[in-house]
Amino acid sequence: MPGTPAISQTAVTTEPDLNPKPKKKICCACPETRKLRDECIIEHGESACTKWIEAHKQCLRAEGFNVQ
C-alpha cells in the first residue's frame, strides 16, 4: 500500500551459540571448586594446588567464562 512503511524481516538462526554468555557473576560460579581451591592454597600454597586451580578454571569455562 502506498504510504505505509515497509516491514523488514530479520533472519532467525537456530545455530547453537558457540560462546554462550555466563548466566552468573564469576564470583557466584563454581562454589564447590572455589572452596577446595582456596582451602588448598591457604594450607599448602599455590604451587601445591595446581590440580584444584585447574579444576576451578575448567568449571568456570563450562559456565561460559573466558578464563586463561
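The model shown is predicted, which means the values in this text are computed figures rather than measured ones.
Here the NZ atom belonging to Lys23 is positioned 10.5 Å from the CZ atom belonging to Phe65, to the nearest 0.5 angstrom. With values rounded to the nearest 0.5 angstrom, His44 atom NE2 is found 11.0 Å from Ser47 atom OG. With values rounded to the nearest 0.5 angstrom, Asp38 atom CG is found 9.5 Å from Ile53 atom CD1.
When the side-chain contact (heavy atoms from CB on, under 4.5 Å) test is applied to Cys30, the partners found at least two apart in sequence or on another chain are Thr33, His56, Cys59, Leu60, Glu63.
Open room surrounds CD on Glu46; 12 or fewer heavy atoms of other groups in view lie less than 6.0 Å from it.
Remark: the backbone N or O of Ala55 is not paired with any side-chain donor or acceptor of Arg37 at under 3.5 angstrom.
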From CA spacing to verdict: side chain to side chain contact (heavy atoms under 4.5 Å, CB included), Ile26, Lys24:
CA-CA 6 Å; Ile26 197 165; Lys24 304 174 186 175; over 6 Å; no

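When every heavy atom of Ala48 is checked against every heavy atom of Cys40, the shortest pair comes out as O-SG, 4.2 Å.
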